[in-house]
Amino acid sequence: MAKITAGVATSHVPAIGAAVDLGKQNEPYWAPVFAGYEYSKKWIAEQKPDVILLVYNDHATAFSMDLIPTFAVGCAESFSPADEGWGPRPVPTVQGHPRLAAHICQSVIQQDFDLTIVNKMDVDHGLTVPLSLLFGQPEEWPCKIIPIAVNVVLYPPPSGSRCYALGKALRKAVESFDEDLNVQIWGTGGMSHQIQGPRAGLINQDFDNAFLERLVYDPDGLAKVPHIDYVREAGSEGIELVMWLIMRGALNTEVEQKHRFYHVPASNTAVGHLILENTD
Amino acid sequence: MSLHKPYDDVPGTTIFDADMGRLGYHLNQFCMSLMKAENRERFKAGERAYLDEWPMSEEQKQALLARDYNRMMKLGGNIYFLAKLFSTDGLSFQQAVSTMTGMSQEEYAQMMLNGGRSPEGNRYLSERAVGQEEQ
């Protein structure tokens, strides 16, 4: 039987991807960011997940204004890195797990979530930057990845409580899959940031640190926070944080926090990172 | 019934909702076209001619030609779509975003190094910290 063993949360700032691709990890600006992932790289090498359910948002890449699914599951064999306007990132093609993805869609839709099934899409920095942070620059990504794209671009995104409930449905789906698989779930995006308008550059360290704390120890309460609180307190793009609740919903109520990291700034944003394990 | 918009009183912020999405449809779809290298080349070779292929308003086209990102946002642009435009121009997110703040790029970068813009005074229009210059 497949099992979700751990969850990872991390920001997916595009400039972090550019820093990796251009070899800037040791520059004074970037070194403190990457130092926060040293533990994580060792941890994931030991964990050896077979499959990662990678929750992220598409940044007007695969989905234009023509089609905006709230929750979309990538069911393809593979997903190419997208050209976001400066050419594709030089990272490996993402290999999917079509059989588990199809099983997840069948199970989760029957748990009353109206997922969109995607059989062809490119993946942008929202998905590839977290992989670079945890795995570095390998020739191939060392496991299969099922992209789960959440709309947080066209307001309103799904509510925190809906995201949290989706996590629980994903867990049920994974646990009813007939193959022995070590599955992780990652929630990405955030933390506080606003990248538009005169209020751009907003960073709310108090909000961010409270969010990290509550995500670990009070997810039920955190899931009830309304959108307007994210917008007002964490910036218009800080609302990406609802995606972390999908990850958290797929884990046990009580988890072991293995790692926590917070840093300001990376480009326009705060960087947050958590590693949580399900204890038996 | 019109949309309920509790976010209208957040200063210096345009929320990209269904109304803005309708307003900016062609502007944003133009931006999407810049994800192809051959379209970027055609756009660079003649911006106005390329823009005229899209049924945008003249105001949108002027904002775009002037790279006035605040104006583009007010006319329905969304930052993730507009990213295709400033990437075509060779600008990073931080460089492009700084142009919306009334600060120089260096001042903005320094603000971020200092911990970013504080939420204090920036939560409600009534506090008028960054809201002042645009109201």
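Convention: sequence-line order gives letters A, B, ...; per-chain numbering from 1.
Between the side chain of A:Q196 and the backbone N or O of B:T14, at least one donor-acceptor pair lies under 3.5 Å. In this structure, B:Q94 contributes its side chain and A:S267 its backbone to a donor-acceptor pair below 3.5 Å. With hydrogens and angles disregarded, no donor-acceptor distance shorter than 3.5 Å links the side chain of A:Q194 to the backbone of B:R117. No side-chain donor-acceptor contact under 3.5 Å links B:K36 to the backbone of A:D83.
Counting non-hydrogen atoms of neighbouring residues, nucleotides and ligands closer than 6.0 angstrom, the CD atom of B:E47 exceeds 12 such neighbours. With a 6.0 Å radius and a threshold of 12 heavy atoms from other residues, nucleotides or ligands, B:K61 has its NZ atom above the threshold.
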For this session: Could you check A:D66 against B:Q29 for side chain to side chain donor-acceptor pair (under 3.5 Å), going step by step and ending with a plain yes or no?
Result: CA-CA 8 Å; A:D66 285 342; B:Q29 295 299 74; 3.0 Å; yes
Exercise. Taking it one step at a time, do B:Y108 and A:N268 satisfy side chain to side chain donor-acceptor pair (under 3.5 Å)?
Worked result: CA-CA 9 Å; B:Y108 180 81; A:N268 302 289; 2.7 Å; yes
Problem set entry | Test side chain to side chain contact (heavy atoms under 4.5 Å, CB included) applied to A:I195 and B:Y80, step by step | CA-CA 9 Å; A:I195 55 173; B:Y80 293 123; 3.7 Å; yes
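The shortest non-hydrogen separation linking B:I15 to A:S236 is CD1-CB, 4.0 Å.
For B:N114, no part sits under 4.5 Å from any heavy atom of chain A, backbone or side chain. Heavy atoms closer than 4.5 Å to chain B are found in the side chain of A:H193, but not in its backbone. Heavy atoms of A:A200 lying under 4.5 Å from chain B belong to its backbone as well as its side chain. Both the backbone and the side chain of B:L113 come within less than 4.5 Å of a heavy atom in chain A. Both the backbone and the side chain of B:Y7 come within less than 4.5 Å of a heavy atom of chain A. The contact between A:I228 and chain B is made entirely by side chain atoms (from C-beta outward), counting heavy-atom distances below 4.5 Å. Using a 4.5 Å cut-off between heavy atoms, B:M112 touches chain A through backbone and side chain atoms alike. With a 4.5 Å cut-off on non-hydrogen atoms, B:S118 touches chain A through its backbone but not through its side chain. Only the side chain of B:M32 comes within contact range of chain A, with at least one heavy atom under 4.5 Å from a heavy atom of that chain. Heavy atoms of A:Y29 lying under 4.5 Å from chain B belong exclusively to its side chain. Contacts of A:T269 with chain B are made by backbone atoms alone, with heavy-atom separations under 4.5 Å and no side-chain atom involved.
The residue among A:S192, A:G85, A:P156, A:G87 with the most heavy atom pairs within less than 4.5 Å of chain B is A:G85. Among B:N28, B:N70, B:N39, the residue making the largest number of heavy-atom pairs under 4.5 Å with chain A is B:N70. Of the listed residues B:G116, B:A37, B:P119, B:G102, the one with more heavy-atom pairs under 4.5 angstrom with chain A than any other is B:P119.
By the 4.5 Å heavy-atom criterion applied to side chains, A:P198 and B:T101 are not counted as neighbours. The shortest distance between side-chain heavy atoms of B:D17 and A:L154 does not fall below 4.5 Å. At a threshold of 4.5 Å between non-hydrogen side-chain atoms, the residues A:H59 and B:F81 do not count as touching. The side-chain heavy atoms of B:F93 and A:P14, taken from C-beta on, include a pair separated by under 4.5 Å.
Put simply, CZ on A:R199 and OG1 on B:T13 are 4.0 Å apart, with the number rounded to the nearest 0.5 Å. The structure places CG of A:L202 at 10.0 Å from CD of B:E120, a figure rounded to the nearest 0.5 Å. To the nearest 0.5 Å, atom CE of residue A:M65 and atom NE2 of residue B:H26 are 11.0 Å apart. Rounding to the nearest 0.5 Å places CH2 of A:W86 at 7.0 Å from NZ of B:K84.
Here B:R123 pairs with A:E233 in a salt bridge; the nearest charged N to carboxylate O distance falls below 4.0 Å.
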